[in-house]
Amino acid sequence: MATDPLALSAVELTAALRAREVTAAQLAEAALQRVSDLNERVNAFLSVTGNMAREQAEDVDRRFGLGQTLPPAAGIPIALKDVLAVKGVTATCGSRILEPYVPPYDSTVWSRLRAVGAVLVGKTNCDEFAMGSSGENSAYGVTRNPWDLDRVPGGSSSGSAAAVASGMATWALGTDTGGSVRQPAALCGVVGLKPTYGRISRYGLIAFASSLDHVGTFTRTTRDAALLLSTLAGVDPKDATTVDEPPADYTEGLDAGVGGLRVGVIKESFAEGVEPGVTDAFRASIERLEGLGATCEEVSLPNADYAFSAYYLLAPAECSSNLARYDGVRYGHRTKEPVDDVVQMMMKTRGEGFGDEVKRRIILGTYSLSAGYYDAYYGQAQKVRTLVIRDYQKAFEQFDVLLSPTSPTTAFRIGERTDDPIKMYLSDIFTIPADLAGVPSVSVPCGLDGNGLPVGLQFTGPLLGERAILRAAHAFEQDLGFELNPPLLAALA
Ligand code: GLN
């Protein structure tokens, strides 16, 4: 094959595989080679599953050789955030507390991908238990942004975003609880999709905040996102919150364009603190959509301002409950220090195993759930969540999709925000509301800022409205023709 297969979308690779212009084994080798060339610098992968990848690829090639027609995901190199369980492969969640934990079962997302012949390259780095916006909260070192190695790739799905941006994998999965798929996708110049809550099973996703956790996708193109969603979506008896809808092909209708589409431009997108480079790219994107035939009008989500505060009560509350299971008895790490009793053992284990951010959230969550404060904090935050849901319902009476930047800034420098948690938390002001409401939302690249760093544009739809946002994002992407070519790759050429 003449072109670099790692610069192609899965749709293009599927065509090449079916035409036998490239084999799955060659693709797997190319991805593994890219990982060995770059991972030392980027730190996107925590484990590389070379043997598994080779075996899967061989099996795909064997079936192609028999003349079988395989699903589009067959042979596509994919990376999974290290919070998703793969049987027999270490899972860390970016934490020391799980060490050593090897899941005895597959997450539903991986069993679906495995069944259609996707090839696992490895497990990706992330902020500890998905808590963070920069990748700097991983116990295994920071992930670097392929567009500028001194900058963060965003987080918490830092490694998944960096892996796709640098071609170490064609696809990756991440999780989005407050923005952790869309924000790193924006900062790395790739497409990040967070579907409707319950669209993709959470079985085998190691929980952060269960009512907010969504599995999401990283791809080079919107069409790939639609394809990957078609592979993953669907009811799962192992996750009672999954939506009971028949399997669907989300690539259908993707080319319908945005003519007549009613786009609500979220007024709060122009708030203070948004970088000028982001605002410029955002304004240009609105014009582009209008040029393509969409009607763009301003709309307000009046409670979006409070969504942020509500999220930072609800997510820690749920995490304090979910992370109570790491007690040195049931899973992973147990202190080696001498202890007098079981309480001391747990305290020491948790003290050693968890990082600062996770501890901060557990303390905050435990406090907001405690008797006497529950109504004032947790209860209040739940009410705000309802108001945010109503804001969306009202907006979608008038509009088909809503538009905002994905992140108020482009990739910031490593270390720049680590001492200021609030500033770090603000990275997610535009992404959090969709997690609270469970509505689908996708980030697509919409250009570069003055420093040559990617800017993300976010389309949000009503519940189960993935088709509308994918169609809009696809039309935008086709017209823009963004080039995913981070400077890091120039050195490889
Ligand atoms: N950055 C947000 C947080 O730290 C979102 C994380 C996420 O979506 N997993 O909680």
Side-chain angles (χ1 to χ4, degrees), residues 80-84 93-95 124-138 142-143 152-161 172-188 192-195 197 200 202 205-218 307-320 322-323 354-365 368 381 385 406-409 411-412 416-418 420-443 456 458 460:
L80 261 53
K81 183 178 184 177
D82 209 16
V83 295
L84 293 161
C93 296
S95 182
T124 56
N125 204 354
C126 58
D127 287 297
E128 186 174 5
F129 284 101
M131 298 175 200
S133 309
S134 66
E136 292 165 295
N137 295 340
S138 167
V142 55
T143 308
V152 304
S156 63
S157 312
S158 52
S160 290
L173 297 187
T175 57
D176 194 309
T177 304
S180 283
V181 165
R182 290 161 290 152
Q183 185 257 12
L187 271 48
C188 288
L193 169 68
K194 176 202 88 73
Y197 183 79
I200 298 179
R202 285 180 297 113
L205 154 61
I206 300 171
F208 162 13
S210 311
S211 83
L212 295 155
D213 290 344
H214 303 69
V215 176
T217 64
F218 292 92
F308 168 78
S309 313
Y311 172 85
Y312 277 101
L313 285 165
L314 296 173
E318 292 189 32
C319 108
S320 72
N322 274 328
L323 272 57
F354 287 134
D356 288 348
E357 184 59 28
V358 171
K359 286 178 189 162
R360 178 158 39 231
R361 305 238 184 155
I362 293 174
I363 292 168
L364 190 64
S368 71
R385 187 172 190 176
T406 309
S407 158
T409 71
F412 43 92
E416 196 180 304
R417 297 189 178 186
T418 35
D420 188 346
I422 302 288
K423 208 165 169 202
M424 185 71 92
Y425 294 171
L426 284 170
S427 308
D428 297 311
I429 41 168
F430 296 141
T431 47
I432 280 173
D435 291 288
L436 287 176
V439 292
S441 187
V442 64
S443 176
Q458 178 173 256
T460 301

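As the structure lists them, so they are numbered: ligands from 1, and atoms in each ligand from 1. FYI, the numbering just counts along the sequence from 1. These numbers come from a predicted model, not from an experiment.
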| field | Between Asn322 and Ser210, a side-chain donor and acceptor under 3.5 Å | value |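 On atom types as modelled, these side chains qualify, holding a pair under 3.5 Å.
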Starting from [atom], what is the nearest protein heavy atom, named by residue and atom, and what distance separates them?
atom: atom 3 (C) of ligand 1; result: Tyr312 OH, 3.3 Å
atom: atom 1 (N) of ligand 1; result: Asp428 OD2, 2.4 Å
atom: atom 7 (C) of ligand 1; result: Ser180 OG, 2.4 Å
atom: atom 5 (C) of ligand 1; result: Tyr311 OH, 3.3 Å

| said: So Leu187 and Ser407, do their side chains get closer than 4.5 Å, heavy atoms only? | reply: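 The answer is yes; the side chains approach within 4.5 Å.
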| query | Would you say ligand 1 has an N or O under 3.5 Å from any N or O of Asp176? | reply | no
| query | Counting both backbone and side chain atoms, is some N or O of Met131 under 3.5 Å from an N or O of ligand 1? | reply | no
| field | For Leu212 against Glu318, the heavy-atom pair lying closest together | value | N-OE1, 4.4 Å
| If you look at every heavy atom in Gly174 and Val181, which pair is closest and at what distance? |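 Closest pair (atom of Gly174, atom of Val181, distance): C-CG2, 3.7 Å.
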| field | Ligand-residue contact atoms, ligand 1 with Gly132, heavy atoms, under 4.0 Å | value |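 Answer for ligand 1: 1 (N), 2 (C), 3 (C), 4 (O), 6 (C).
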| request: Would you tell me which option among Ser133, Ala130, Gly178 has the nearest heavy-atom contact to atom 9 (N) of ligand 1? | output: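 Among Ser133, Ala130, Gly178, the closest heavy atom to atom 9 (N) of ligand 1 comes from Ala130.
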| field | From the candidates Met424, Arg361, Lys194, the one that places a heavy atom nearest atom 4 (O) of ligand 1 | value |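 Residue with the shortest heavy-atom distance to the ligand atom: Arg361.
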| CD1 of Ile206 to CG of Asp213: how many Å apart, nearest 0.5 Å? |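 Output value for this atom pair is 11.0 Å.
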| task | Could you grab the distance from atom OG of Ser320 to atom NZ of Lys359, nearest 0.5 Å is fine? | result | 16.0 Å
| query | Does even one non-hydrogen atom of Ala315 get within less than 4.0 Å of ligand 1? | reply |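 Per 4.0 Å heavy-atom rule, Ala315 does not contact ligand 1.
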| Given that the side chain starts at C-beta and the backbone is N, CA, C, O, which of these parts of Phe208 lies under 4.0 Å from ligand 1, counting heavy atoms, or is it both or neither? |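 Only the side chain of Phe208 comes within reach of ligand 1.
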| Location of contacts on Ser156 toward ligand 1, heavy atoms closer than 4.0 Å | side chain
| query | If you look only at pairs with a residue in residues 125-135, which of them pass as a side-chain hydrogen bond (donor to acceptor under 3.5 Å, both in side chains), with sequence neighbours excluded? | reply |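 Counting only pairs at least two positions apart or across chains, the side-chain hydrogen bond (donor to acceptor under 3.5 Å, both in side chains) contacts touching residues 125-135 are Ser95-Glu128, Asn125-Ser138, Asn125-Thr143, Ser133-Asp428, Ser134-Glu136.
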| Got a salt bridge between Arg182 and Asp435, using NZ or NE/NH1/NH2 to carboxylate O under 4.0 Å? | yes
